[in-house]
Amino acid sequence: ANAIISRFKLKSVKYHVFHEGTKRMVIEATIHCPKPITLLVAHLALGKETRAKQIEELVSMVNAIRNPVILMGDFNTFNGTQEIKKLLQETHLKDKIALDKQSLPFTEPAWHPTRRLDYILTSPKLRVKKYYVLNFHFSDHLPLMVEFEFKK
């Protein structure tokens with residue numbers, strides 16, 4: 001299951017449903033910290049073709065948002081990061097995993113990570129100061145965390 005938990009008040013929470021796949025829900029919420037930012041949480045399908053269609057829908061969702069965006073979730077990229085290349089190119093979201101010098105970029109399975117399925121992608125209007133793969137075993141995936149600030 002996906003959720004957004006924030007110490008900042010959630011505003012204009014929306015639920016989008018992908019047209020295909022069993023994992024279809026995208027949660028969208030705007031928070032003010034102190035400026036408005038929109039969070040999107042997605043869990044993409046297990047099938048490659050369905051995932052590609054969901055990524056096309058995510059491109060449209062992200063590009064319709066005027067605030068800085070953070071898109072995160074389990075993208076199930078079993079075939080590597082090339083699966084999200086279109087998403088990165090067409091939305092200009094950034095993947096800052098390289099900032100984590102401490103850990104391997106793998107998130108699944110949590111007990112012996114060998115794959116990267118989980119992402120936090122950020123708007124170019126944000127400066128990611130730190131990116132972490134956290135070694136907490138809450139589920140079968142390791143959690144991710146970013147520290148960011150608004151660019152001036």
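Remember, predicted model here, so these are calculated numbers, not experimental data.
- Note that CD1 of Ile70 and OG of Ser123 are 8.5 Å apart. Values are rounded to the nearest 0.5 Å.
- With sequence neighbours excluded, no residue satisfies ring pair (Phe, Tyr, Trp, His ring centres under 6.0 Å) with Tyr15.
- Contact check for Val133 versus Phe106: no side-chain heavy atoms found under the 4.5 Å cut-off.
- Each salt bridge (Lys or Arg N to Asp or Glu O under 4.0 Å) pair with one or both residues in residues 93-105, not counting sequence neighbours, appears once here: Asp95-Arg116.
- Residues satisfying the side chain to side chain donor-acceptor pair (under 3.5 Å) criterion with His112, sequence neighbours excluded, are absent altogether.
- At a threshold of 4.5 Å between non-hydrogen side-chain atoms, the residues Asp140 and Trp111 count as touching.
- Side-chain contact check for Asn2 versus Met25: every heavy-atom pair is 4.5 Å or farther apart.
- Val26 and Met72 sit in two unconnected hydrophobic clusters of ILVMFWY residues. Membership requires side-chain heavy atoms under 4.5 Å apart, directly or through other members.
- Taking 4.5 Å as the limit, some side-chain heavy atom of His16 sits within range of a side-chain heavy atom of Met61.
- For the atom pair Glu57 CD and Arg24 CZ, the distance stands at 9.0 Å (nearest 0.5 Å).
- Glu108 CD to Ser139 OG: the interatomic distance, rounded to the nearest 0.5 Å, is 9.0 Å.
- Residues Leu71 and Ile84 share a single hydrophobic cluster, defined by chaining ILVMFWY side chains whose heavy atoms lie under 4.5 Å apart.
- Listed by first and then second residue, the salt bridge (Lys or Arg N to Asp or Glu O under 4.0 Å) pairs that reach into residues 39-55 are Glu20-Lys53, Arg51-Glu83, sequence neighbours excluded.
- Surrounding CD of Gln82 are more than 12 heavy atoms belonging to other residues, nucleotides or ligands, all under 6.0 Å away.
- With values rounded to the nearest 0.5 angstrom, Ile31 atom CD1 is found 9.0 Å from Arg7 atom CZ.
- Remark: Glu90 pairs with Lys86 by the salt bridge (Lys or Arg N to Asp or Glu O under 4.0 Å) rule, at least two apart or across chains.
- In terms of hydrophobic clustering, with Ile, Leu, Val, Met, Phe, Trp and Tyr side chains grouped at heavy-atom distances under 4.5 Å, Leu99 and Leu88 are assigned to different clusters.
- Listed by chain and residue number, nothing satisfies the side chain to side chain donor-acceptor pair (under 3.5 Å) test with His32 (two or more places apart in sequence, or in another chain).
- Remark: Phe75 pairs with Tyr119 by the ring pair (Phe, Tyr, Trp, His ring centres under 6.0 Å) rule, at least two apart or across chains.
- Every pair tested for ring-ring contact (aromatic ring centres under 6.0 Å, His included) that includes a residue from residues 48-73 fails, sequence neighbours excluded, so the list is empty.
- Other cluster members for Leu46: Phe78, Leu117, joined by side-chain heavy-atom distances under 4.5 Å among Ile, Leu, Val, Met, Phe, Trp and Tyr.
- Within the 4.5 Å cutoff, the side chain of Leu142 has heavy atoms near those of the Asn135 side chain.
- In terms of heavy-atom proximity, Thr50 sits nearest to Ala45 at CG2-CB, 3.6 Å.
- In this structure, CG in Leu134 is found 11.5 Å from OG1 in Thr107, a value given to the nearest 0.5 Å.
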Listing, residues 34-44 side-chain donor-acceptor contacts under 3.5 Å, not counting sequence neighbours, or none:
unit_1: Thr38; atom_1: OG1; unit_2: Thr30; atom_2: OG1; d: 3.2
unit_1: Thr38; atom_1: OG1; unit_2: Asn67; atom_2: ND2; d: 3.0
unit_1: His43; atom_1: NE2; unit_2: Asp74; atom_2: OD2; d: 3.0

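- Cluster annotation: Leu87 and Ile65 are assigned to the same hydrophobic cluster (Ile/Leu/Val/Met/Phe/Trp/Tyr, side-chain heavy-atom contacts under 4.5 Å, transitive).
- Here CG of Leu93 is found 12.5 Å from CD1 of Ile120. Values are rounded to the nearest 0.5 Å.
- For His92, there are no side chain to side chain donor-acceptor pair (under 3.5 Å) partners, not counting sequence neighbours.
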Please list, one pair per line, the donor and acceptor atoms closer than 3.5 Å that link side chains of residues 145-152 to other protein atoms, with sequence neighbours excluded.
unit_1: Glu149; atom_1: OE2; unit_2: Arg127; atom_2: NE; d: 2.8
unit_1: Glu149; atom_1: OE2; unit_2: Arg127; atom_2: NH2; d: 2.9
unit_1: Lys151; atom_1: NZ; unit_2: Pro124; atom_2: O; d: 3.0

